[in-house]
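Only one structure is covered here, and it is reproduced in the block below.
If you read the sequence from its start, that first residue is 1, and numbering goes on from there. In listed order, ligands and their atoms are each counted from 1.
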Amino acid sequence: MNPPSRLKPASWLVAAGRPSEPGEPLNTPLVPASNFLLGTERAYARDGGTPTWEALETIVGGLEAGRAVAFASGMAAVAAVFEQLPAGAGVVLPDDCYQGVVGLALAGAEKQRWRVQRLALEDTQGWVQACAVADLVWLESPSNPLLTVVDLATIAQAPRKPGAILAVDNTFATPLNQQPLELGATVSIQSVTKFIGGHSDLLGGVATTRDEALWQALRRSRMLSGATPGTLEAFLAVRGARTLELRLQRAQQTAQVLAERLEQHPRVARVRYPGLPSHPTHATARRVLKGFGTILSFELYGGAAEADAVCQRVQLIRHATSLGAVESTMERRAAIPGQEHLPPSLLRLSVGIEDVEDLWADLDAALQTAW
Ligand SMILES: *Cc1c(COP(=O)(O)O)cnc(C)c1O
């Protein structure tokens with residue numbers, strides 16, 4: 001199979017990870033197996049993987065231009081990266097960061113496994129300096145839920161402490177909009193639960209790297225912790241990945257339109273979307289990202305009550321957490337325990353693949369009637 005350097009991503013997503021021998025199924029089969037007949041390297045699935053996990057690793061690894069390790073969830077992939085740190089390591093995390101990652105980092109800091117420092121995502125010079133001293137530099141871009149875009153092109157080129165890991169949570173961008181390894185990062189993380197799965201029906205994660213020793217170490221962590229992907233989940237993720245490019249293009253076109261219209265809406269105080277010229281990191285987004293993504297957040301004139309009312313009134317848009325699926329979902333982020341620091345009326349909208357006019361009608365009606 002041609003690597004994606006010769007095949008465009010949309011074609012790679014369709015063609016990669018398929019069987020190739022005459023008589024084999026056209027599609028990647030679902031292989032439910034814990035163990036295999038002895039005689040090759042593959043004896044037991046937790047150590048050696050299964051053909052279904054490998055298809056997912058081939059697809060995502062090719063897109064990210066590295067070698068991938070599939071995990072049971074995005075957080076399992078994150079935990080495997082943290083697992084690589086030496087005792088007492090220095091970790092630098094963004095101020096706006098996926099709360100599961102913050103929770104994991106702080107839990108480890110409490111047990112004195114590592115030290116955690118937080119840094120504003122926009123502070124490019126601060127990150128460049130952090131690269132020289134930290135053992136793990138953790139970036140997430142665009143960030144959740146403020147959609148800050150990091151100048152990864154600059155930070156990933158900064159000199160790093162020997163052996164340090166620059167990890168990028170690439171979930172919001174997807175490997176189609178941002179390629180952290182190409183820019184110089186050590187490892188890129190995807191929550192497969194989101195865009196790659198794309199249908200809100202599985203949990204999965206992938207870590208991808210070009211560093212052979214780190215790749216081996218991540219596989220070893222998966223083996224020792226047992227954080228292995230489910231077979232059905234890996235099969236569904238492969239199936240979801242086939243349409244990733246189509247879904248992403250459609251949803252991010254729609255997201256741009258909705259963001260522009262929301263910005264003009266009399267009940268909306270502020271819209272955050274990297275594709276809007278008003279976004280604080282729009283210029284960076286234009287430079288670093290191939291597309292502005294499908295997530296936007298907006299604040300209302302009014303407070304938590306009005307925002308909750310909008311969530312209750314939307315019909316086509318579902319009132320649910322998570323993101324990256326075919327269906328649009330929306331929630332008030334500050335309602336989530338641990339997220340109280342966010343503006344009380346901030347709604348995060350994950351745009352799906354529905355018709356843009358139906359989505360706008362739904363949003364507009366909910367905004368008109370909510371107060
Ligand atoms: C969902 C998510 C994760 C965690 O992934 P799970 O599959 O839920 O474990 C990590 N980072 C980001 C940005 C996410 O959106």
Side-chain angles (χ1 to χ4, degrees), residues 53 56-57 60 64 68-83 91 93-107 121 136-150 152 167-178 180 185 187-208 218 221-222 225-230 232-234 236-237 240-241 244 248 251 255 272 274 289 292-297 320-325 328-331 333 336-339 342 348-352:
W53 310 357
L56 178 61
E57 290 169 341
V60 180
E64 296 264 26
V69 186
F71 288 90
S73 66
M75 281 309 300
V78 172
V81 173
F82 274 79
E83 192 59 40
V91 177
L93 281 190
D95 52 352
D96 189 32
C97 184
Y98 184 74
Q99 62 172 342
V101 176
V102 177
L104 177 87
L106 295 183
L121 276 169
L136 174 61
V137 174
W138 190 273
L139 289 167
E140 180 183 329
S141 179
S143 71
N144 180 17
L146 302 180
L147 288 319
T148 305
V149 178
V150 168
L152 196 54
V168 178
D169 186 334
N170 204 29
T171 300
F172 272 42
T174 80
L176 297 178
N177 281 344
Q178 177 168 261
V187 60
S188 177
I189 312 289
Q190 279 291 320
S191 168
V192 169
T193 311
K194 313 294 166 54
F195 290 91
I196 293 174
H199 295 75
S200 307
D201 55 5
L202 62 88
L203 289 168
V206 169
T208 309
L218 291 170
S221 283
R222 178 178 74 182
S225 65
T228 50
L232 178 60
E233 284 77 358
L236 289 171
L244 172 62
L248 182 74
R272 288 185 172 88
L289 299 179
F292 300 123
T294 75
I295 322 290
L296 57 94
S297 57
T321 192
S322 200
L323 51 107
S328 299
T329 55
M330 188 164 75
E331 67 176 332
R333 289 300 291 178
I336 296 166
Q339 300 289 289
L342 292 167
R348 187 187 72 190
L349 172 62
S350 169
V351 178

Is there a side-chain contact between [X] and [Y] (heavy atoms, below 4.5 Å)?
X    : Y    : result
T329 : T321 : no
N144 : R333 : yes
V101 : M75  : yes
S141 : Q178 : yes
Y98  : T171 : no
L244 : I196 : yes
Q99  : I336 : yes

Hey, is ligand 1 close enough to [X] that some N/O pair sits below 3.5 Å?
X    : answer
D169 : yes
L203 : no
V101 : no
N144 : no

Need the ligand 1 atom indices (1-based, order shown) with element for anything under 4.0 Å from a heavy-atom of [X].
X    : value
G74  : 5 (O), 6 (P), 7 (O), 9 (O)
K194 : 1 (C), 2 (C), 3 (C), 14 (C), 15 (O)
G204 : 7 (O)
T193 : 6 (P), 7 (O)

Got the closest protein heavy atom to [atom], with its distance?
atom                   : answer
atom 8 (O) of ligand 1 : Y98 OH, 3.9 Å
atom 5 (O) of ligand 1 : S191 OG, 3.0 Å
atom 9 (O) of ligand 1 : M75 N, 2.8 Å

How about S221 and E83: does a side-chain donor come under 3.5 Å of a side-chain acceptor?
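Not at all, the side chains of S221 and E83 share no donor-acceptor pair under 3.5 Å.
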
Work out whether the distance between some heavy atom of S322 and some atom of ligand 1 is less than 4.0 Å.
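For ligand 1, residue contact (heavy atoms, under 4.0 Å) with S322 is absent.
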
